[in-house]
Amino acid sequence: MLTLAPRASKPQSPDLLAWYDRHRRSLPWRAEAGEVPDPYRVWLSEIMLQQTTVTAVKPFYLRFLERFPTVAALAEAPVDAVMQAWAGLGYYSRARNLHACAKAVVDKHAGAFPATEAELLALPGIGAYTAAAVAAIAFHEPAAAVDGNVERVVSRLFTVEEPLPKAKPLLRTLTLEMVPLDRPGDFAQALMDLGATICTPKRPACALCPWMAPCEARAQGSQELYPKKQKKLTGDLRRGAAFVVLRADDSILLRTRPTQGLLGGMVETPTSAWEPGYEPSRAMLDAPIEARWQRLPGLVRHVFTHFPLELTVFLAKVPRGTPEPGDMRWTLRRDLHEEALPGVMKKVLAHALGDGKPVRNGAAKPKPDQI
DNA sequence: TAGTCGTGGGG
DNA sequence: TCCCCAAGACT
């Protein structure tokens, strides 16, 4: 009978903090050792980092901060400007909630972020994780900020057998018990740095981990089996048609999507419905205007969180002076970069306008940025 | 509670 | 190519 070796000790936060003091990542939103963190920057970064990689966030964060340097500046800005600054980053309800939150901070909290986890939790777009992270990092509150990194680290430390997301309450409790009262913010960031650089999903670098000794999973050699999670199924393929109208004055027909739902409040070319049984051969029934439509070869493929999408792109060239249908508008091609275009729509426009080459056979696809 | 909400990078 | 995943929130 195999007996598992008991781990050497319980995980001690000073061991993690000592590691953090030597190996902490330098990030644009992170105060250097000894600096006082700015709650606005901490909050902004936490919202952007929700389900989004550090690499993806960096340029958006720097650009955003330049455009909206303070929570007051953000609150005063029109929501469309915020959506435009967010375009390309994904999960667009975050941008709408971000703006609403800035307004709430100005209107209900005299322009200063509240310092407690409970008050932060009441603000739009701030959930359990973000409330704890901002409270700990910006205000030194002893809160347990449990994100995906922390779930992984702690589930390995204690070999939590319960699968996610049911294990969340237990993981929060286990984390909270380890939070040191003197450095709660550093502890939160240390745990996330550890998860991002050492305790990675695949092939964790256990030999470099300050918590190798107390880690139960490491003792068993089972670290890659945690956290356990129930798998979710991907949705069925949906198809649709996208219509790119190029007017002779070099403008494009656009519209804004409803604020609720998929790509809420973002800008798109006119499209058909997106549904599993869509027939591109009947797309003319969905065209926004009468014109000589050209069905472009190839498809625009895009994968959302819960379903894959294939769009057939149709292109029409219409004369100067062609009026826009109701609730649509013309935007000059050179001004497209100012529109809140999500990734899938940049792909559509690149496919229709990009470089004219077919997207077949390994030919270089035009980059969605360069329209 | 489980489904909805983007995008890009890595193995 | 495919799958996983990344500092989750909201309904």
Side-chain angles (χ1 to χ4, degrees), chain A residues 25 27-30 41-61 83 86-98 100-101 120-138 143-153 164-166 168-169 171-172 175 185 187-197 199-204 224 227 229-235 238 257-266 268 301-309 340-347 362 367-369:
Chain A
R25 290 178 292 175
L27 300 169
W29 46 85
R30 179 175 282 180
R41 300 185 181 201
V42 172
W43 163 74
L44 175 61
S45 69
E46 290 300 340
I47 303 296
M48 285 190 168
L49 287 161
Q50 289 168 6
Q51 299 292 288
T52 310
T53 59
V54 166
T55 305
V57 164
K58 273 181 183 173
F60 281 88
Y61 172 83
M83 301 306 290
W86 203 274
L89 197 52
Y91 285 129
Y92 298 101
S93 65
R94 290 186 297 175
R96 193 167 300 279
N97 285 330
L98 186 87
C101 184
L120 289 162
L121 193 54
L123 291 167
I126 297 185
Y129 162 75
T130 304
V134 173
I137 297 170
V146 183
D147 71 331
N149 288 307
V150 179
E151 287 174 350
R152 186 170 57 254
V153 170
L164 289 170
K166 291 190 68 176
K168 280 174 179 286
L171 291 169
R172 172 161 289 100
T175 305
F187 180 77
Q189 295 176 94
L191 221 34
M192 289 186 276
D193 276 18
L194 188 71
T197 64
C199 195
T200 49
K202 295 166 190 168
R203 297 185 61 80
E224 289 201 51
K229 48 181 70 175
Q230 54 185 56
K231 62 170 68 175
K232 41 189 166 263
L233 24 87
T234 71
R238 301 185 200 179
R257 295 176 61 92
T259 55
Q260 304 288 334
L262 184 71
L263 301 173
M266 301 300 285
E268 65 176 4
R301 292 188 171 83
H302 193 78
V303 181
F304 293 97
T305 307
H306 49 300
F307 68 91
L309 174 67
L341 291 165
V344 63
M345 284 302 144
K346 289 183 178 175
K347 287 185 192 175
K367 291 205 170 148
D369 284 347

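Here the structure is a predicted model, which means the values were calculated and not measured. Within every chain, numbering begins at 1; the chains are lettered A, B, ... in the order of the sequence lines, protein sequences first and strands thereafter. Below, all heavy atoms of this structure are taken into account, side chains as well, without hydrogens, waters or symmetry copies.
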Student: By ring-ring contact (aromatic ring centres under 6.0 Å, His included), which residues pair with A:Phe60, not counting sequence neighbours?
Tutor: none
Student: Phosphate oxygens OP1/OP2 of B:dG6: is one of them under 4.0 Å from a side-chain N or O of A:His302?
Tutor: no
Student: Can you measure A:Ile47 atom CD1 to C:dA9 atom C1' for me and round it to whole angstrom units?
Tutor: 9 Å
Student: A:Leu27 near the nucleic acid: base, sugar-phosphate alone, or nothing, with a heavy-atom cut-off under 4.0 Å?
Tutor: base
Student: How long is the line joining CZ of A:Phe307 and P of C:dC3, in whole Å?
Tutor: 17 Å
Student: Please state how far atom CZ in A:Arg203 lies from atom P in C:dC5, giving the value in whole angstrom units.
Tutor: 16 Å
Student: With a cut-off of less than 4.0 Å, is there a side-chain N or O of A:His306 near OP1 or OP2 of B:dC5?
Tutor: yes
Student: Report yes if a donor N or O on one partner sits less than 3.5 Å from an acceptor N or O on the other, where the partners are the side chain of A:Thr52 and the base of B:dG6; otherwise report no.
Tutor: yes
Student: Take atom P in B:dG6 and the same atom in C:dT11, then report the distance between them in whole Å.
Tutor: 14 Å
Student: I need the minimum non-hydrogen distance between A:Tyr92 and A:Met83, along with the two atoms involved.
Tutor: O-CE, 3.8 Å
Student: I'd like to check the salt bridge (charged side-chain N to carboxylate O under 4.0 Å, His left out) partners of A:Arg41; sequence neighbours left out, ordered by chain and number.
Tutor: A:Asp38
Student: For A:Arg172, which residues count as a side chain to side chain donor-acceptor pair (under 3.5 Å) partner, sequence neighbours excluded?
Tutor: none
Student: Determine all donor-acceptor pairs shorter than 3.5 Å in which one atom belongs to a side chain in residues 257-265 of chain A; sequence neighbours excluded.
Tutor:
residue, atom, partner, partner atom, Å
A:Arg257, NE, A:Leu262, O, 3.1
A:Arg257, NH1, A:Glu268, OE1, 2.7
A:Arg257, NH2, A:Leu262, O, 3.1

Student: May I ask you to say what A:Val344 touches in the nucleic acid, namely base, sugar-phosphate or nothing, with a heavy-atom cut-off under 4.0 Å?
Tutor: sugar-phosphate
Student: Give A:Trp29 one of three labels, base, sugar-phosphate or nothing, depending on what nucleic acid heavy atoms sit under 4.0 Å from its own.
Tutor: base
Student: Nearest to the A:Asn97 side chain among B:dG11, B:dG6, C:dC10, which nucleotide is it?
Tutor: C:dC10
Student: Parallel, tilted or perpendicular: which one describes the rings of A:His302 and A:Phe304, with boundaries at 30° and 60°?
Tutor: perpendicular
Student: Of all residues at least two apart in sequence or in a different chain, which pass the salt bridge (charged side-chain N to carboxylate O under 4.0 Å, His left out) check with A:Lys168?
Tutor: A:Glu151
Student: What integer distance in Å separates A:Tyr91:OH from C:dC5:P?
Tutor: 14 Å
Student: Just how far, in rounded Å, is P of C:dA6 from CD of A:Glu151?
Tutor: 10 Å
Student: Can you sort out which residues in residues 128-138 of chain A have a heavy atom within less than 4.0 Å of DNA chain C? Ascending by number, please.
Tutor: A:Ala128, A:Tyr129, A:Thr130
Student: Report yes or no: does A:Thr52 contribute a side-chain atom to a donor-acceptor pair with the main-chain N or O of A:Gln50 at less than 3.5 Å?
Tutor: yes
Student: Taking the nucleotide of DNA chain C with the nearest heavy atom to each, does A:Pro201 or A:Gln260 sit closer to the 5' end?
Tutor: A:Pro201
Student: Taking the C1' atom in each of C:dA6 and B:dC5, what is the distance between them to the nearest angstrom?
Tutor: 15 Å
Student: Taking only N and O in the side chain of A:Gln50, is any of them less than 4.0 Å away from OP1 or OP2 of C:dG8?
Tutor: no
Student: OP1 or OP2 of B:dT7 versus the side-chain N and O atoms of A:Tyr92: is any pair under 4.0 Å?
Tutor: yes
Student: How close or far is atom P of B:dT4 from atom CZ of A:Arg238, stated in whole angstroms?
Tutor: 7 Å
Student: Between the side-chain atoms of A:Thr53 and the base atoms of B:dG9, is any donor-acceptor pair under 3.5 Å?
Tutor: no
Student: So, is A:Arg152 near the phosphate of C:dC5, with a side-chain N or O under 4.0 Å from OP1 or OP2?
Tutor: no
Student: Counting any heavy atom closer than 4.0 Å, what does A:Gly195 reach on the DNA or RNA strands: base, sugar-phosphate only, or nothing?
Tutor: nothing
Student: So what does A:Arg96 touch, heavy atoms closer than 4.0 Å: a base, only the sugar-phosphate, or nothing?
Tutor: nothing
Student: Let me know the distance between CD of A:Gln51 and P of B:dG6, rounded to the nearest Å.
Tutor: 12 Å
Student: For A:Pro165, which contact category applies under a 4.0 Å heavy-atom criterion: base, sugar-phosphate, or nothing?
Tutor: nothing
Student: Are any non-hydrogen side-chain atoms of A:Leu49 and A:Tyr61 less than 4.5 angstrom apart?
Tutor: no
Student: With DNA chain C as reference, determine whether A:Leu121 or A:Thr200 sits nearer its 5' end, using the nearest nucleotide of each.
Tutor: A:Thr200
Student: Please compare A:Lys202 and A:Arg94 by the position of their nearest nucleotide in DNA chain B and report the one closer to 5'.
Tutor: A:Arg94
Student: For A:Met83 and B:dC5, what is the distance between atoms CE and C1' respectively, to the nearest whole Å?
Tutor: 12 Å
Student: Describe the nucleic acid contact of A:Ser93 in one word from base, sugar-phosphate, nothing, applying a heavy-atom distance below 4.0 Å.
Tutor: nothing
